[in-house]
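Below: the structure, in structure tokens.
Below, read A as the first sequence line, B as the second, and so on, with proteins coming before strands; counting in each chain starts at 1.
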Protein chains: 2
Amino acid sequence: MTTSSGLDREVETRLAEHRIRYTSGRQILVRALAGAEGPLSAAELHDEVSGALPLSSIYRSLAVLEEAGVLAPHHGTKGLTRYELAEWLKGHHHHLVCIDCGAVEDVTVNDHHENQVDRVVNEISSKAAFTAFNHALEIEGRCARCA
Amino acid sequence: MTTSSGLDREVETRLAEHRIRYTSGRQILVRALAGAEGPLSAAELHDEVSGALPLSSIYRSLAVLEEAGVLAPHHGTKGLTRYELAEWLKGHHHHLVCIDCGAVEDVTVNDHHENQVDRVVNEISSKAAFTAFNHALEIEGRCARCA
DNA sequence: TTCCTTGCAAACGATTTGCATTGGA
DNA sequence: TCCAATGCAAATCGTTTGCAAGGAA
């Protein structure tokens, strides 16, 4: 296989550690997600790649990539699960979730504000019998298109 | 109908404004959710009330109660939608989401920390073409039972 | 009486899986 | 060669809906 970008190389390495092949179908999905504004569902990816991959293969690849820690799932409206690159690949961020169309947009905040969020998360998890691995501020509202 | 608690009275009033009846089935659901640690799915509620209500009625009541602003949905693992009392009934809070079993536990933080979160939310929504209505800090990790 | 609500069963849509085939190391 | 990966079709599972019966105002 020919790695064509730093992203591909990172993903390939991670998958190799799990003895999983970075096939062309999986590359297509990873690249589609790398170019997206936010998480995409299997159906949205199917459209995005113009049906180049059958839905069942998309579902299987998404599951494998999630298992390997390459993708992270986001559960949204109407029982749709959308996927995005894991944070070690795309950086820590938060979500703007449209209550009308369900679209999710990624946002980042400056370090100062992120530190404040971290402090709140630490306080919460230290008080609860709960081991925190990650967090995201989910902001619900109406996106520009649905306004 | 005999209102048996302040909660029932508040819900009944709200539903009356929408010309919706606060039937016994709906009372059962609202009370079950009032006594829960976090959001519950239709199936979980079905179990919780020992099948006293058929699933289809539970789904219909949940939809009606959400429409009336009595319940708020939470989208979780495996495409399950869980419901909880809306924030005007139970107060603002955040979520601890178990990545293993999918259970969601509610948590609250003190005013100081909540203000910090608010500031971050305001900064984000002011910079994005997005009208924020609500937010929740979703903390992913492993709950005590799954640890 | 008049609507709202309920229950059952059938329909739906997102996701999963069995199985035979293909393809990469 | 050998096993992972794929594609198709059928199966699953959460959820929704049509329709006739029940219940409250």
Side-chain angles (χ1 to χ4, degrees), chain A residues 1-3 8 11-30 39-68 70-71 73-83 101-102 104, chain B residues 1-3 8 11-30 39-68 70-71 73-83 101-102 104:
Chain A
M1 189 207 69
T2 305
T3 51
D8 279 324
V11 173
E12 186 182 21
T13 301
R14 169 71 84 120
L15 291 182
E17 291 166 3
H18 289 249
R19 283 187 219 80
I20 293 172
R21 294 178 194 152
Y22 192 33
T23 60
S24 63
R26 291 167 185 174
Q27 290 173 38
I28 290 173
L29 293 179
V30 166
L40 297 179
S41 68
E44 288 163 347
L45 281 164
H46 187 253
D47 290 347
E48 191 69 29
V49 304
S50 308
L53 302 170
L55 266 175
S56 65
S57 292
I58 292 179
Y59 279 111
R60 266 198 266 241
S61 289
L62 291 176
V64 164
L65 292 169
E66 179 190 353
E67 188 75 20
V70 171
L71 301 184
H74 180 271
H75 304 284
T77 33
K78 291 186 316 170
L80 278 187
T81 301
R82 294 166 208 263
Y83 289 85
C101 68
V104 182
Chain B
M1 187 208 70
T2 305
T3 51
D8 279 324
V11 173
E12 186 182 20
T13 301
R14 169 70 84 119
L15 291 183
E17 291 165 3
H18 289 250
R19 282 189 223 84
I20 292 171
R21 296 178 194 150
Y22 192 33
T23 60
S24 62
R26 291 167 185 174
Q27 290 173 38
I28 290 173
L29 293 178
V30 167
L40 297 179
S41 68
E44 288 163 347
L45 281 163
H46 187 253
D47 288 347
E48 190 70 28
V49 305
S50 309
L53 302 169
L55 265 176
S56 66
S57 293
I58 292 179
Y59 278 111
R60 266 199 266 242
S61 289
L62 291 176
V64 164
L65 292 168
E66 179 189 354
E67 187 76 20
V70 171
L71 301 184
H74 180 271
H75 304 284
T77 33
K78 291 186 315 173
L80 278 187
T81 302
R82 292 165 209 263
Y83 289 85
C101 68
V104 182

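Between A/Arg19 and A/Ala52, the residue anchored closer to the 5' end of DNA chain D is A/Arg19, taking for each the nucleotide with the nearest heavy atom. If B/Ser56 and B/Arg26 are placed on DNA chain C by their nearest nucleotide, the residue sitting closer to the 5' end is B/Arg26.
In terms of the ring-ring contact (aromatic ring centres under 6.0 Å, His included) criterion, residue partners of B/His74 (sequence neighbours excluded) are, by chain and number, B/His95. For A/Thr77, the side-chain hydrogen bond (donor to acceptor under 3.5 Å, both in side chains) test picks out no residue, with sequence neighbours left out. A/Glu67 pairs by the side-chain contact (heavy atoms from CB on, under 4.5 Å) definition with nothing, not counting sequence neighbours.
Here D/dG14 presents its C1' atom at 13 Å from CG of A/Leu80, a figure rounded to the nearest Å. For the pair A/Glu12 CD and C/dG24 P, the interatomic distance rounds to 14 Å; values are reported in whole Å. Distance, B/Asp47 CG to D/dG14 C1': 14 Å, rounded to whole Å. For B/Leu55 and C/dC12, the CG to P distance is 20 Å, given to the nearest whole Å. One can place CD1 of B/Ile20 at 11 Å from C1' of C/dT5, the figure rounded to the nearest angstrom. Following rounding to the nearest Å, B/Ile28 (CD1) and C/dT5 (P) show an atom-to-atom distance of 16 Å. Computed from coordinates, the B/His46 NE2 to D/dG14 P distance equals 12 Å when rounded to whole Å. Rounded to a whole Å, the NE2 atom of B/His18 is 18 Å from the C1' atom of C/dT5.
Residue contacts for B/Thr81: at a heavy-atom cut-off of 4.0 Å it reaches the sugar-phosphate backbone alone, with no base atom in range. Residue-level contact check: B/Leu53 touches neither bases nor backbone, having no heavy atom under 4.0 Å from any strand.
Taking all atoms of both residues into account, the shortest heavy-atom contact from A/Tyr22 to A/Glu12 is CD2-CB, 3.9 Å. Among all heavy-atom pairs drawn from A/Arg21 and A/Arg26, the shortest one is O-NH1, 2.8 Å.
For the helix from C/dT1-D/dA25 to C/dA25-D/dT1, the rotation axes defined at the first and last 5 base pairs enclose an angle of 30°, given to the nearest 10°.
In the region residues 57-68 of chain A, proximity to DNA chain D at under 4.0 angstrom, judged on heavy atoms, holds for A/Ser57, A/Arg60, A/Ser61.
Side-chain contact between B/Tyr83 and B/Leu40: absent, with no pair of heavy atoms (C-beta onward) separated by less than 4.5 Å. The shortest distance between side-chain heavy atoms of A/Val70 and A/Val64 does not fall below 4.5 Å.
Comparing C/dG7, D/dT15, C/dC3 against the side chain of B/Arg21 picks out C/dC3 as the nearest.
Atom OG1 of B/Thr81 and atom CG of B/Leu62 lie 9.5 Å apart (nearest 0.5 Å).
Between A/Thr23 and D/dT6 there is a side-chain N or O to OP1 or OP2 distance below 4.0 Å.
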Side-chain donor-acceptor contacts of residues 43-58 of chain A below 3.5 Å, not counting sequence neighbours, with atom names and distances?
| unit_1 | atom_1 | unit_2 | atom_2 | d |
| --- | --- | --- | --- | --- |
| A/Glu44 | OE1 | A/Ser41 | N | 2.7 |
| A/Glu44 | OE1 | A/Ser41 | OG | 3.4 |
| A/Glu44 | OE1 | A/Arg82 | NH1 | 3.0 |
| A/Glu44 | OE2 | A/Arg82 | NH1 | 2.4 |
| A/His46 | NE2 | A/Leu53 | O | 3.4 |

